[in-house]
Enquirer: 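Let me give you the structure first, and then I'll get to my questions.
Counting starts at 1 for both ligands and their atoms, following the listed order. What you are looking at is a predicted structure, and each value in this text was computed from that prediction instead of being measured.
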Amino acid sequence: MKTPFINKEQLDAICKEYPTPFHIYDEKGIRENARKLHQAFSWNPGFKEYFAVKATPNPTILRILKEEGCGTDCSSYTELMMSEKCGFSGSDIMFSSNETPAEEFIYAAKLGATINLDDITHIDFLKETIGAIPKRISCRYNPGGQFAIANTIMDNPGDAKYGLTRPQMTEAYKRLKELGAEEFGMHAFLASNTVTNDYYPTLAKLLFQTAVELKNETGVQISFINLSGGIGIPYTPDKEPNDILAIGEGVRKAYEEVLVPAGMGDVAIYTELGRFMLAPYGHLVTKAVHEKHTHKEYIGVDACAVNLMRPAMYGAYHHITVMGKEDAPHTETYDIVGSLCENNDKFAIDRQLPKIEKGDLLVIHDTGAHGFAMGYNYNGKLKSAELLLCEDGNTKMIRRAETPADYLATLEGFWDVEL
Ligand SMILES: *Cc1c(COP(=O)(O)O)cnc(C)c1O
C-alpha cells in the first residue's frame, strides 16, 4: 500500500493557488531520510553523502540537504554553478563526469571540487587543461563483466561506458602519484535502482579489496571510497523498501573484514545517492481532463511525458493514487495518458483503478528523483512548477512553471515579428 504524503484537502487548497500539473516535494520526508542515512553510516567518521544533483536539480532541495550535512555530486557545468550558488565549495563537491568538456574541469578545479576521473586518458587531459593534477583526486573503477549478488545478475558493467579497467587503475594511480597527487579516492557505480540490502555491502567489499591491492601495488594512500548511487526504492507497492541501517551495517562488516586488517581503518566512505534521497518524497500531481472509450479505456491527464519521462523511456512503473478515492474498489482498467503525439506517453497501461471522473486529482508517486529533472520540451510542452510542502505544513513554490516566452526565448529573431 502506497499512501501520498499529502491528503486531498491539502491538495485541493494547493490547487486553488497553483494550477496542475506540478511536482511537489516533502521536506519532512527528505530530512528524516537523510538523517537515517547518516545514522546508518555514523560508524565511519569521514562519511559524507554527495547528493547526485542530476536527480533533483533545485537549489531549495540542495540547501535542505546541505543543512542535513550533505555535499553535491555534479556532472556538468550548470550543476557546478548551482552547487556554488547554494554555498557548497571545495570538499563539499564531487565532480563525477564523463566525456568531460575542458571548461567543466576548469570550473570544477576552480571550485576545489574533488575530481573523479572516468578514464585514464583524462589524467593528461586534466593536466593540460588546468595546468597540474590536483592534490586530491579520484578514479572511477569499472571491473567489467557482470555484477552479480547471490547468482542474481544486477547489471553489466562490461557494457557500461564508464570507468577504468583494473589494470588501468594501477597505472592511473602510479601516474597520478608521479604527477604530484597526494590523496586518492576510488569510485564505482555498478548497478542502478537496486532493491536489495546486499548491493552496497557487496560493492564495498569489492572496492575495499581493490583498494588494498592498489595500495600494495602503487604505494598510494587511499583516503576515501565512494560507493556512488544505486540504492533503489520500491516503485511498486508489493516491494519492501531497502533497510538503510542494515545496508550501513553490511558495509561496516566489509570494512572491518578487509580494510581494518590492512591498516586502512581511516578510509572515509562516501555515497552519491540520488534516487534514494529524493524519489519517494516527490509526487507529480495531475488532473484528469478527458476520458476516451475506444479500443481501450483512456483517462487523459494534464501532465505528459515531458513532466515525467520514466514510464515512456523505461516502461517504469509509477504508482497512482486517485485522491479522495483511496479506499474505493479498483473496478476499472485504464491507460492513463498525456497529450504528446507519441504513443508511449502513458503514465500507466492497463492499470486497475477506481472509477475516475473528469476533475479528479491524481498523485503519481515516487517522482522526486529523475522526475522533473529529465523533463524536456517535445511538442512545445512546457515544464511544470516545483513546489515544496514545508515542514510547517505550508507550501512554497521553488520553481515557477515555464511560460511560452521561456520556450521561445532562444529563437533568433522570433520577437522581432509582432504576434
Ligand atoms: C546518476 C548518478 C548517481 C545517482 O544515482 P541514483 O541511482 O539516483 O542513486 C550517482 N553518481 C553518479 C556518477 C551518477 O551518474
Enquirer: For atom 7 (O) of ligand 1, which protein heavy atom lies nearest, and how many Å away is it?
Expert: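 The closest heavy atom on the protein side is Gly230 N, 3.4 Å.
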Enquirer: Can you check which of Lys54, Glu272, Arg275 brings a heavy atom nearest to atom 14 (C) of ligand 1?
Expert: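 The nearest heavy atom belongs to Lys54.
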Enquirer: Going by distance alone, is a donor N or O of one side chain under 3.5 Å from an acceptor N or O of the other, for Lys161 and Asn98?
Expert: yes
Enquirer: Would Arg252 and Glu249 count as a salt bridge (Lys or Arg N to Asp or Glu O under 4.0 Å) if you check the C-alpha gap in whole Å, the side-chain angles of each, and the deciding distance to 0.1 Å?
Expert: CA-CA 5 Å; Arg252 190 189 66 78; Glu249 180 56 20; 2.8 Å; yes
Enquirer: With heavy atoms of Gly274 as the reference, note each atom of ligand 1 found under 4.0 Å away.
Expert: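 Taking each heavy atom of Gly274 in turn, ligand 1 has 4 (C), 6 (P), 8 (O), 9 (O) under 4.0 Å.
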Enquirer: Side chain, backbone, both or neither: which part of Arg140 has a heavy atom under 4.0 Å from ligand 1?
Expert: side chain
Enquirer: Counting only heavy atoms not in Asp238 (residues, nucleotides, ligands), do more than 12 fall under 6.0 Å from its CG?
Expert: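 Counting neighbours around CG of Asp238, more than 12 heavy atoms of other residues, nucleotides or ligands fall under 6.0 Å, so yes.
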Enquirer: With under 30° as parallel and over 60° as perpendicular, where do the rings of Tyr25 and His23 fit, or are they tilted in between?
Expert: parallel
Enquirer: Short N/O distance, under 3.5 Å, between Asp73 and ligand 1?
Expert: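 Looking only at distances, the answer is yes, because the N/O contact criterion of under 3.5 Å is met.
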Enquirer: Under 3.5 Å between any N/O of Ser96 and any N/O of ligand 1: does that happen in this structure?
Expert: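 N/O-N/O distance under 3.5 Å: no.
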Enquirer: Less than 3.5 Å between some nitrogen or oxygen of Phe276 and one of ligand 1, yes or no?
Expert: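 No; the residue has no nitrogen or oxygen that sits under 3.5 Å from a nitrogen or oxygen of the ligand.
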Enquirer: Going through the checks in order, is the salt bridge (Lys or Arg N to Asp or Glu O under 4.0 Å) test met by Asp335 and Lys296?
Expert: CA-CA 8 Å; Asp335 281 14; Lys296 297 185 86 174; 3.1 Å; yes
Enquirer: Check the side chains of Thr367 and His283 for a donor-acceptor pair under 3.5 angstrom, ignoring hydrogens and angles.
Expert: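 Distance-only check fails for His283 and Thr367.
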Enquirer: Does Asp392 CG have over 12 foreign heavy atoms under 6.0 Å away?
Expert: yes
Enquirer: Using a strict 4.0 Å cut-off to heavy atoms of Ala52, name the atoms of ligand 1 that fall inside it.
Expert: 3 (C), 4 (C), 10 (C)
Enquirer: At under 4.0 Å between heavy atoms, which part of His370 makes contact with ligand 1: side chain, backbone, both or neither?
Expert: side chain
Enquirer: Would Ile231 count as a polar contact of ligand 1, with the cut-off being nitrogen or oxygen pairs under 3.5 Å?
Expert: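 In fact, backbone or side chain, Ile231 has no N or O that close.
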Enquirer: Taking only heavy atoms of Leu273, which atoms of ligand 1 are found under 4.0 Å from at least one of them?
Expert: 9 (O)
Enquirer: Less than 3.5 Å between some nitrogen or oxygen of Ser228 and one of ligand 1, yes or no?
Expert: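 Yes - when backbone and side-chain N and O of Ser228 are compared with those of ligand 1, one distance drops under 3.5 Å.
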Enquirer: Salt bridge between Arg400 and Asp406, side-chain N to carboxylate O under 4.0 Å?
Expert: yes
